[in-house]
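For reference, the structure discussed in these notes is given below.
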Amino acid sequence: MRFVDIAATSAAVAATGGRKAKIELLADALRRLEPDEIAAGSAYLAGELRQRQTGVGYAGLRTRPAPALEPTLTVAAVDAAIAEIATVSGTGSQARRRELLGALFGVATADEQRLLVGLFGGELRQGAQAGLLAEAVAVAAGVPVAAVRRALLLSGDLKQVAVAALSGGAATLAGISLRVGTPLTPMLAQSAPDVGAALLATGAPAVIDTKLDGIRIQVHRSGDEVAVFTRSLDDITARLPEVVAAVRALPLREVVLDGEAMALDEQGRPRPFQETSSRAATRAKSNPLALVPYFFDLLHLDGADLLDEPGRVRWAALADALPAELIVGRETVETEEQAAAVFAAALAAGQEGVVVKAPEAPYDVGRRGAAWVKVKPRHTLDLVVLAVEWGHGRRKGWLSNLHLGARDPETGGFVMLGKTFKGLTDELLRWQTERFKELAVEDDGWVVRVRPEQVVEIAFDGVQTSPRYPGGVALRFARVLRYRDDKRAAEADTIDAVRSIGVTGQPDSGRNSPAD
DNA sequence: ATGCCAGCGTC
DNA sequence: GTCGGAT
DNA sequence: ATCCGACGACGCTGGCAT
């Protein structure tokens, strides 16, 4: 297939509003792919590259040659070119990569270039990703959507599923199942503002797990072979030898475990997330800080898949198979009062919150359903908008991303604590665009600095130490609640108020409870 | 040797 | 990670 | 109920300029 046909499909998909119409367009393109182009072609149609890393991002795409006038590229040729770009490394690699990229773009038409930029940049914005492509694969192959979705979530590999469904049909697709050693897409949790709302979603009785502020791990063991995967199915086995050792020491033959790994201090209390993250990301040999695994689910045990078993069955098997110190804190509750007590105890122990779980629900691979509901404390502050950034994509033409500052009583100025674009409705975006145009003092085409007069109420999960912001602290997961037109900037919260919240996981945190 | 930038990962 | 909009 | 897109925080690594 010609690459320009993918580009045309992508443009048509982007111009189409309806889900079903997008799926039809994608399915039509999938049917036209040659068998050996399905892997790359299906990735492109989903807005992805076949390679996870290429070393090319938006900065590397800024300057590009004039587009070709006639399309000559095939899907296979593009695939080969990108494969080479992705393998370049070592001294001189940046120049070489630029060279290869220039050659590819030089023979691409304007439409093809647009697609390539979207694919390399990871922001194709055609309104269709792996989720819709799975449906399109089902349509094109004439197999049930559920079968495609399940294969996708169990293998974590869109390309493999597309090839299986389109070349092999339902039988080949059915062959894709949970395999020990191959990571599956983890089940996720919805979120709720409090344990009452969470219990409403799950029903009672419910099981309440401590929510640990670490990184998600999925550990597979077959005999002496142990592998550790992240939430995005990255293999981090080599970076977590202590987790490997812990699982290898268990008197079990075959397991797939789901859990969280985190760094602890000398008292066994959680360290700040940044320390866990840093430790999990480093490939260096000697690691002073250990990551401790805590598991909360068992997906496979000695030949038996447990995915479709109710939670209570899986958790009972987990409790039988693992020592208690490797299992996450867990209680069964009947009432909201009991749930509130468990939540309070988790926070008192320095943990992030809780996850409320329905005991009868299966392990719903890749789903974020009502069976698991997370609850975390929330803080709020009244901050001052220091600047706003022009939006992109569907927010083009609107002032979107807010720069937030706390009042500094020492200087009479403001200390920037971070940015947010979340929590804004279209109506609010419209309003704030007008408002900040009035307050604007400078616009460089990207950031619009404004007079620091508008107060906004911000919700956030916690404070983290910051190497970037002048106060040395930043907000985690900041989002807009509402504008405070009843408050002047002089009445906004101060940097001292922010500092007094304390960094979660720091020695003297926990002395303050959240604002509400 | 050191610092910066870009890319990529975690949340 | 969170959130709003669209289907 | 799902999917998508709009973008946040920090930290590590590799390549490169100084």
Side-chain angles (χ1 to χ4, degrees), chain A residues 14 16-23 46-47 52-62 88-97 120-135 149 188-191 211-217 230-234 236 239 260-262 272-284 352 364 366-370 374 376 378 389 391-396 398 400-404 417-429 458-469 473-481:
Chain A
T16 304
R19 248 173 92 91
K20 299 193 72 174
K22 284 177 191 277
I23 291 167
R52 186 160 176 157
Q53 304 180 49
T54 60
V56 179
Y58 271 118
L61 298 165
R62 213 173 288 284
V88 179
S89 72
T91 305
S93 61
Q94 290 185 358
R96 175 69 180 146
R97 194 176 287 121
F120 276 110
E123 289 183 337
L124 187 55
R125 296 178 173 137
Q126 61 174 6
Q129 299 184 142
L132 282 200
L133 197 83
E135 298 203 35
R149 187 182 308 281
L188 304 174
Q190 284 183 356
S191 84
K211 186 177 195 307
L212 306 179
D213 193 7
I215 62 161
R216 188 85 177 259
I217 51 169
T230 65
R231 187 184 141 172
S232 69
L233 314 190
D234 232 14
I236 54 167
R239 283 178 256 168
E260 192 92 0
M262 71 185 315
F273 171 74
Q274 283 149 297
E275 295 188 33
T276 291
S277 169
S278 151
R279 168 64 182 80
T282 146
R283 294 153 193 276
E352 188 184 19
D364 227 335
R367 286 266 297 281
R368 194 189 288 279
K374 59 184 159 190
K376 300 188 277 188
R378 192 193 71 172
E389 295 175 11
H392 295 88
R394 76 179 296 282
R395 290 192 176 186
K396 194 171 170 63
W398 282 342
S400 175
N401 202 1
L402 308 173
H403 293 201
L404 306 167
L417 292 173
K419 312 182 203 177
T420 187
F421 55 90
K422 294 175 193 137
L424 299 164
T425 60
D426 286 359
E427 187 191 349
L428 216 43
L429 279 166
I458 298 294
F460 59 103
D461 277 20
V463 172
Q464 55 195 331
T465 63
S466 170
R468 166 185 337 189
Y469 288 110
V473 289
L475 304 183
R476 193 163 180 208
F477 309 141
R479 60 262 191 194
V480 172
L481 287 182

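This one's a predicted model, so the numbers in the text were calculated from it and none came from an experiment. In what follows, chains are A, B, ... by sequence order, proteins preceding strands, each numbered from 1. The figures that follow rest on heavy atoms only: side chains count, while hydrogens, waters and symmetry mates do not.
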Length of the CD-P vector between Gln53(A) and dA6(B), whole Å:
18 Å
Expressed in angstrom and rounded to an integer, what is the separation of Arg476(A) atom CZ from dT10(B) atom P?
14 Å
Using a heavy-atom cut-off of 4.0 Å across all strands, would you classify Arg367(A) as base, sugar-phosphate, or nothing?
sugar-phosphate
Within this structure, what is the NZ-CZ distance for the pair Lys374(A) and Arg368(A), rounded to the nearest 0.5 Å?
5.0 Å
Does Ala474(A) reach a base, just sugar-phosphate, or nothing at all? Heavy atoms under 4.0 Å.
sugar-phosphate
Could you state the interatomic distance from CG (Leu233(A)) to CZ (Arg216(A)), rounded to the nearest 0.5 Å?
10.5 Å
Just to be sure I understand the rule, does Phe120(A) reach a base, reach only the sugar-phosphate, or reach nothing, if contact means heavy atoms closer than 4.0 Å?
nothing
Using a cut-off of 4.0 Å on non-hydrogen atoms, how would the nucleic acid contact of Thr282(A) be classed: base, sugar-phosphate, or nothing?
sugar-phosphate
Leu212(A) CG to dC11(B) P, in whole Å, measures 12 Å
Can you check side-chain contact (heavy atoms from CB on, under 4.5 Å) on Glu389(A) and Lys419(A), steps first, answer last?
CA-CA 10 Å; Glu389(A) 295 175 11; Lys419(A) 312 182 203 177; 2.8 Å; yes
Find the distance between OG (Ser89(A)) and CZ (Arg97(A)) and round it off to the nearest 0.5 Å.
8.0 Å
At what distance, to the nearest 0.5 angstrom, does OG of Ser400(A) lie from CZ of Arg394(A)?
10.0 Å
Calculate the interatomic distance between Glu352(A) atom CD and dC11(B) atom C1'; express it in whole Å.
8 Å
Find the distance Gln94(A):CD to dG7(B):P and express it as a whole number of Å.
9 Å
Please step through side-chain hydrogen bond (donor to acceptor under 3.5 Å, both in side chains) for the pair Arg52(A) and Ser232(A), ending with a clear verdict.
CA-CA 11 Å; Arg52(A) 186 160 176 157; Ser232(A) 69; 2.7 Å; yes
Would one find a side-chain N or O of Thr230(A) under 4.0 angstrom from OP1 or OP2 of dT10(B)?
yes
Under 4.0 angstrom, heavy atoms only, what part of the nucleic acid is Thr276(A) near: base, sugar-phosphate, or nothing?
nothing
Between dC8(B) and dG1(C), how far apart are the two C1' atoms, rounded to whole Å?
16 Å
Under a criterion of less than 4.0 angstrom to any heavy atom of chain A, what are the 5'-terminal and 3'-terminal contacting nucleotides of DNA chain D?
dT2(D) to dC16(D)
Correct closest heavy-atom pair for Phe477(A) and Lys422(A) would be CA-NZ, 4.3 Å
Using a cut-off of 4.0 Å on non-hydrogen atoms, how would the nucleic acid contact of Ala280(A) be classed: base, sugar-phosphate, or nothing?
nothing
For Glu352(A), the side chain to side chain donor-acceptor pair (under 3.5 Å) test, sequence neighbours excluded, returns Lys211(A)
What interatomic distance, in whole Å, is found between C1' of dC11(B) and the corresponding atom of dC7(D)?
14 Å
Considering heavy-atom distances to DNA chain D, does Gly90(A) or Ala370(A) have its closest nucleotide positioned more toward the 5' end?
Ala370(A)
Spacing between Arg239(A) atom CZ and dC8(B) atom C1', to the nearest angstrom
10 Å
Footprint string (nucleotides 1-7 of chain C, 5' to 3'): B base within contact, S backbone only, - free, heavy atoms under 4.0 Å
BBSSS-S
Let me spell it out: for each of Ser466(A) and Arg125(A), pick the nucleotide of DNA chain D with the closest heavy atom. Which residue's pick is nearer the 5' end?
Arg125(A)
Have a look at Gln126(A) and say if it touches a base, only the backbone sugar-phosphate, or nothing, with a 4.0 Å heavy-atom cut-off.
sugar-phosphate
By the 4.0 Å heavy-atom rule, please label Arg149(A) as base, sugar-phosphate, or nothing.
sugar-phosphate
Measure the spacing between CG of Leu429(A) and CG of Leu424(A) and express it to the nearest 0.5 Å.
5.0 Å
CZ on Arg279(A) to CD1 on Ile215(A), rounded to 0.5 Å:
9.0 Å
